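Just so it is clear, the structure is predicted and the values come from calculations on it, not from any experiment.
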Amino acid sequence: MGTTDVAPGGSSNSTSSNTYRSSKMAVWSLDNPVFITYVFYSTVLAAKMILMGPLTGYFRITRKAFVNPEDVKSFGLKETKTDVDVERVRRAHQNDLENIPIFWLLGLLFVLTSPSLFAAKVVFRVYTAARILHTLLYLKGSGIRGTAYFVGILTKIYMVATILYTFW
Amino acid sequence: MGTTDVAPGGSSNSTSSNTYRSSKMAVWSLDNPVFITYVFYSTVLAAKMILMGPLTGYFRITRKAFVNPEDVKSFGLKETKTDVDVERVRRAHQNDLENIPIFWLLGLLFVLTSPSLFAAKVVFRVYTAARILHTLLYLKGSGIRGTAYFVGILTKIYMVATILYTFW
Amino acid sequence: MGTTDVAPGGSSNSTSSNTYRSSKMAVWSLDNPVFITYVFYSTVLAAKMILMGPLTGYFRITRKAFVNPEDVKSFGLKETKTDVDVERVRRAHQNDLENIPIFWLLGLLFVLTSPSLFAAKVVFRVYTAARILHTLLYLKGSGIRGTAYFVGILTKIYMVATILYTFW
């Protein structure tokens with residue numbers, strides 16, 4: 001990696017040949033445990049989001065509530081229909097769409113700020129737990145889903161603030 | 001790019017000063033054909049998604065179906081209106097929103113698992129073809145769009161499984 | 001970075017120790033000012049999008065317009081209700097969902113094409129300004145929000161074209 005790479009946030013120079021871990025470049029490296037933590041939790045959130053589509057399909061089929069005429073026909077029904085449970089799953093899914101892709105970006109950029117592994121684990125785990133909880137509470141019709149929502153928002157605001165503070 | 005490059009996923013150590021290519025770091029490198037394949041297909045999917053917005057606009061204008069009073073006024077119409085074709089394009093677009101950003105994340109992380117170029121090409125091409133086909137079938141009102149949808153879902157589940165297996 | 005790095009798209013070799021800008025790998029490096037510019041503007045857009053959720057909540061509360069029975073109950077109301085202002089904020093938010101995640105991907109990949117810092121700044125700033133303006137115009141009910149929308153679309157088409165031209 002050559003010479004005079006400066007460690008992220010640090011000021012010392014390194015002349016060793018194994019400087020890639022101290023190089024700023026290295027932060028999106030598989031050698032960086034913070035990055036691996038990001039990879040893991042963002043994949044968990046992706047898996048959680050993928051499930052929402054088939055879940056909507058399950059509710060549409062069991063509630064016989066389809067919005068496309070071709071689906072109505074496929075299932076031997078007579079007309080399109082909306083159903084409160086289907087609409088509820090769809091709102092939970094929509095809330096994911098409004099939130100999780102922002103986490104994917106911010107988490108990736110947050111890794112660049114060289115947080116401690118502990119801080120990164122707290123942030124990524126709290127966010128992941130908040131989003132899974134949000135969906136469960138939403139599907140149950142619990143009035144406290146808003147708390148899980150705002151925990152997610154606060155986690156993201158923390159990442160935004162850290163990123164802007166580091167790179168502005 | 002120097003000598004003694006070890007393929008990602010290999011086990012031999014390198015003591016040369018050119019270790020960055022043998023480092024796992026190199027997987028998001030423009031020297032990695034798997035990564036280039038990701039860049040290409042995710043850009044194709046972005047282009048496909050960009051088109052959905054103007055396509056909705058086209059249907060709104062030709063069907064004279066606007067939802068904002070200011071648009072109704074701009075086009076010399078009298079009232080807001082919904083139209084079945086506009087709603088259909090919007091559902092196809094919404095389905096993209098629920099699916100393609102997940103691919104962008106998972107594809108990027110899948111590159112980190114050092115798949116073979118062949119495996120990566122199959123996965124990325126199948127997903128891209130499934131999503132383009134899904135939109136075409138949706139716009140035509142075909143009842144078999146669900147097959148294209150599930151091919152996309154299965155492709156993503158494969159990537160999720162590979163990523164979690166690699167990094168857990 | 002060692003020796004004989006080939007510049008992206010170029011053919012000359014470099015033997016200096018400051019080759020990171022000419023290395024293909026280095027483009028997602030914190031040493032690359034184009035990348036830092038991307039990090040900054042994509043975070044600004046994330047912050048802008050995060051605000052849309054609580055803004056919708058604010059309108060729901062002040063307009064007493066809730067869609068979930070449990071929320072209706074929490075706020076001591078009697079029935080679910082839709083409200084034109086709430087629906088307008090939601091459409092502005094939806095438009096962000098349809099656009100900004102595409103920018104996060106394309107901007108990241110555009111960095112890989114090694115644009116000049118000037119070009120990158122123009123593209124990222126125009127896009128960010130267009131999206132913020134779009135929301136403000138949408139919330140005001142201005143008929144010219146479409147112009148801001150199309151500036152955003154054109155910016156993304158430019159990035160798509162540059163990426164495909166570079167990597168095809």
- Candidate pair B:Ile50 and C:Leu106, rule side-chain contact (heavy atoms from CB on, under 4.5 Å), full reasoning: CA-CA 11 Å; B:Ile50 290 170; C:Leu106 291 180; 4.0 Å; yes
- Test C:Arg88 against B:Glu70 for salt bridge (charged side-chain N to carboxylate O under 4.0 Å, His left out), laying out the working first. CA-CA 12 Å; C:Arg88 181 174 285 277; B:Glu70 64 268 27; 2.8 Å; yes
- Task: Evaluate side-chain contact (heavy atoms from CB on, under 4.5 Å) for B:Leu97 paired with C:Gln94, printing each intermediate quantity in order.
- Result: CA-CA 10 Å; B:Leu97 295 184; C:Gln94 181 71 14; 3.4 Å; yes
- Message: Applying side-chain contact (heavy atoms from CB on, under 4.5 Å) to C:Phe167 and B:Leu30, what does each step give before you reach the verdict?
- Response: CA-CA 9 Å; C:Phe167 296 112; B:Leu30 295 180; 3.7 Å; yes
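Neither the backbone nor the side chain of B:Leu45 has a heavy atom closer than 4.5 Å to any heavy atom of chain C. Only the backbone of C:Ser142 has a heavy atom closer than 4.5 Å to any heavy atom of chain B.
Taking chain B as the reference chain and counting heavy-atom pairs below 4.5 Å, the highest number among C:Phe150, C:Trp104, C:Tyr138 is found for C:Tyr138. For chain B, the option among C:Ile163, C:Val160, C:Ile102 with the highest count of heavy-atom pairs below 4.5 Å is C:Ile102. Per-residue counts of heavy-atom pairs under 4.5 Å with chain C were compared for B:Lys73, B:Met52, B:Met49; the largest is that of B:Met49.
Annotation: B:Lys81, atom NZ; neighbour count of heavy atoms from other residues, nucleotides and ligands within 6.0 Å is above 12. The environment of C:Lys64 atom NZ is sparse: at most 12 non-hydrogen atoms of other residues, nucleotides or ligands sit within 6.0 angstrom.
Here the straight-line distance linking atom OG1 of B:Thr43 with atom CG of C:Leu112 works out to 9.0 Å at 0.5 Å rounding. With rounding to the nearest 0.5 angstrom, the CZ atom of C:Arg145 is 4.0 Å from the CG atom of B:Asp71.
A salt bridge between B:Arg90 and C:Glu98 is absent, with no side-chain N of the basic residue lying under 4.0 Å from a carboxylate O of the acidic one.
Taking all atoms of both residues into account, the shortest heavy-atom contact from C:Leu109 to B:Ser42 is CD1-OG, 3.7 Å.
Residues C:Trp28 and B:Phe35 place their aromatic rings such that the two centres sit under 6.0 Å apart.
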